[in-house]
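Working notes, structure below.
In what follows, chains carry the letters A, B, and so on, assigned in the order in which the sequence lines appear, proteins first and then strands, with residues in each chain numbered from 1. These figures come from a predicted structure and were not determined experimentally.
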Number of protein chains: 2
Amino acid sequence: MLDSRDMAGKKETSNRGPLDSLGAFIRSQRQLARLSLRQLADLAKVSNPYLSQVERGLYKPSAEVLKGIAEALHLSVETLYTQAGLLGAKAGRQHATSVDEAIRLDGRLTADQKETLIRVYRGFVGD
Amino acid sequence: MLDSRDMAGKKETSNRGPLDSLGAFIRSQRQLARLSLRQLADLAKVSNPYLSQVERGLYKPSAEVLKGIAEALHLSVETLYTQAGLLGAKAGRQHATSVDEAIRLDGRLTADQKETLIRVYRGFVGD
DNA sequence: CAACAGTGCTAAGTCTACCAAGCATTCGCT
DNA sequence: AGCGAATGCTTGGTAGACTTAGCACTGTTG
């Protein structure tokens, strides 16, 4: 009775696309920001169970929810929309609006490296 | 019998916000593009009754629907998102991607003037 | 006139995004 | 040990986004 949700069995072959990647992205960003599920849910003004489900790719959040999440994580809204496939991937640029975001979005850094950098950065500016 | 929308009566006092303006915007853009409800609904891959309700402000469409509508109307997605309040009003610019759009978005033109301009433009390029 | 295609709208139903309540585990702490 | 607080997750339900039928009207056209 663990998963009453996936009992479908109809078509799970093609059901793991960009949706999952969005949830994973949010989760990773949340952890980099050192927030718990409830904290982020609170900031983004959604319930924590729902956020949990979103992060696991069970539901695709509406644009408004994405907006709330983006603001709570200090990410630009465009970034999340793009991740969600709601906005065609912008030609070249990422829209970093802060050092935090710039770091966290850099694809050439590993999660650990990001954490380290952010920690140092926070040390400088005073957490 | 012409206007069946006057039967409102229920609650028109406080229910007319930015939501309506989105519907009105879509409707005006659709008419400027000389499309029927069914035609646009078809292009945007939604049902025509639903589009009708969206245009009258009864429902707020999801981002995906907005995307479909934007593409069908040759509007930039950002423009519609902004109108829907899903994207903070961009600092400076409108994102016109065509002469059509540039005309239709110009706030200094009346609907009639836009129609005329578009007609002429279409005449030049061959509809 | 009748028949038809076109317009927008209503009505009734399905699906899913989202919430409130509560479970299970793990972390301090005394 | 044992309590409280924090973590993430499951369950059951509500609401609203969205669909398939079908209605009412306005032209055409024969």
Side-chain angles (χ1 to χ4, degrees), chain A residues 1-12 15 17-20 22-24 26-70 72 80-81 84-86, chain B residues 1-12 15 17 19-20 22-24 26-69 72 80-81 84-86:
Chain A
M1 71 284 266
L2 295 148
D3 287 335
S4 55
R5 192 74 47 190
D6 52 4
M7 39 63 82
K10 359 164 78 163
K11 43 171 357 185
E12 56 180 276
N15 215 354
L19 202 140
D20 245 19
L22 170 66
I26 292 178
R27 174 155 291 191
S28 71
Q29 293 301 314
R30 172 173 66 81
Q31 289 167 341
L32 283 174
R34 294 182 306 179
L35 292 170
S36 77
L37 246 170
R38 273 164 227 262
Q39 286 174 328
L40 177 56
D42 232 35
L43 289 172
K45 299 197 186 72
V46 297
S47 69
N48 64 85
Y50 178 57
L51 181 57
S52 168
Q53 286 160 334
V54 164
E55 287 190 351
R56 283 175 299 143
L58 297 182
Y59 292 122
K60 53 194 303 189
S62 73
E64 272 140 12
V65 169
L66 285 177
K67 202 174 154 199
I69 293 176
L80 263 195
Y81 281 9
L86 298 180
Chain B
M1 56 293 270
L2 296 147
D3 286 338
S4 54
R5 56 184 139 263
D6 50 3
M7 42 63 81
K10 358 162 79 165
K11 39 160 27 179
E12 53 181 277
N15 213 353
L19 204 142
D20 242 22
L22 170 66
I26 293 177
R27 174 154 291 191
S28 71
Q29 293 302 315
R30 172 173 65 82
Q31 289 168 340
L32 283 175
R34 295 182 305 181
L35 292 170
S36 77
L37 247 169
R38 273 165 228 263
Q39 286 174 328
L40 177 57
D42 233 36
L43 289 172
K45 298 195 185 72
V46 297
S47 67
N48 63 84
Y50 178 58
L51 181 57
S52 167
Q53 285 159 336
V54 164
E55 287 190 350
R56 282 175 300 142
L58 297 182
Y59 293 121
K60 54 192 304 187
S62 73
E64 272 141 14
V65 169
L66 284 177
K67 200 175 155 200
I69 294 176
L80 262 194
Y81 281 9
L86 298 179

Flag, side chain of A/Tyr81 to backbone of B/Ala63, donor-acceptor distance under 3.5 Å: no
Indicate, with a heavy-atom threshold strictly under 4.0 Å, whether A/Ser36 touches base, sugar-phosphate, or nothing. sugar-phosphate
A/Asn48 CG to D/dT11 C1', in whole Å, measures 14 Å
Length of the CG-P vector between B/Asp42 and C/dT7, whole Å: 11 Å
Integer-rounded Å distance: C/dT10 C1' and B/Gln53 CD: 8 Å
In this structure, CG of B/Leu86 is separated from NZ of A/Lys67 (nearest 0.5 Å) by 7.0 Å
Within less than 4.0 Å of OP1 or OP2 of C/dT10, is there a side-chain N or O belonging to B/Ser52? no
Using atom types as modelled and distance alone, determine if a side-chain donor or acceptor of A/Arg38 lies under 3.5 Å from a backbone N or O of A/Asn48. no
CG-CZ distance between A/Leu35 and A/Arg27, expressed to the nearest 0.5 angstrom: 13.0 Å
In whole angstrom, give the distance that lies between atom CG of A/Leu37 and atom P of D/dC9. 6 Å
For A/Ser47, report the nucleic acid contact type (base, sugar-phosphate, nothing); a contact means any heavy atom under 4.0 Å. base
Return the value, rounded to whole Å, for the distance between atom OH of B/Tyr59 and atom P of D/dT19. 12 Å
Looking at the base of C/dG6, is there any donor atom on it, or on the side chain of B/Arg38, that sits under 3.5 Å from an acceptor on the other one? no
What's the closest nucleotide to the side chain of B/Arg56 if the choices are C/dG8, C/dT10, C/dC19? C/dT10
Could you tell me whether the phosphate oxygens of C/dT7, OP1 or OP2, come under 4.0 Å of any side-chain nitrogen or oxygen in B/Arg30? no
Protein-nucleotide distance (A/Arg27, atom CZ; D/dG8, atom P), rounded to Å: 7 Å
Please report the distance, rounded to the nearest Å, between CG in B/Leu35 and P in C/dT7. 10 Å
Rounded interatomic separation in angstrom, taking NZ from A/Lys60 and P from C/dC15: 17 Å
Please answer whether the main-chain N or O of B/Ala84 pairs with a side-chain N or O of B/Lys60 as donor and acceptor at a distance below 3.5 Å. no
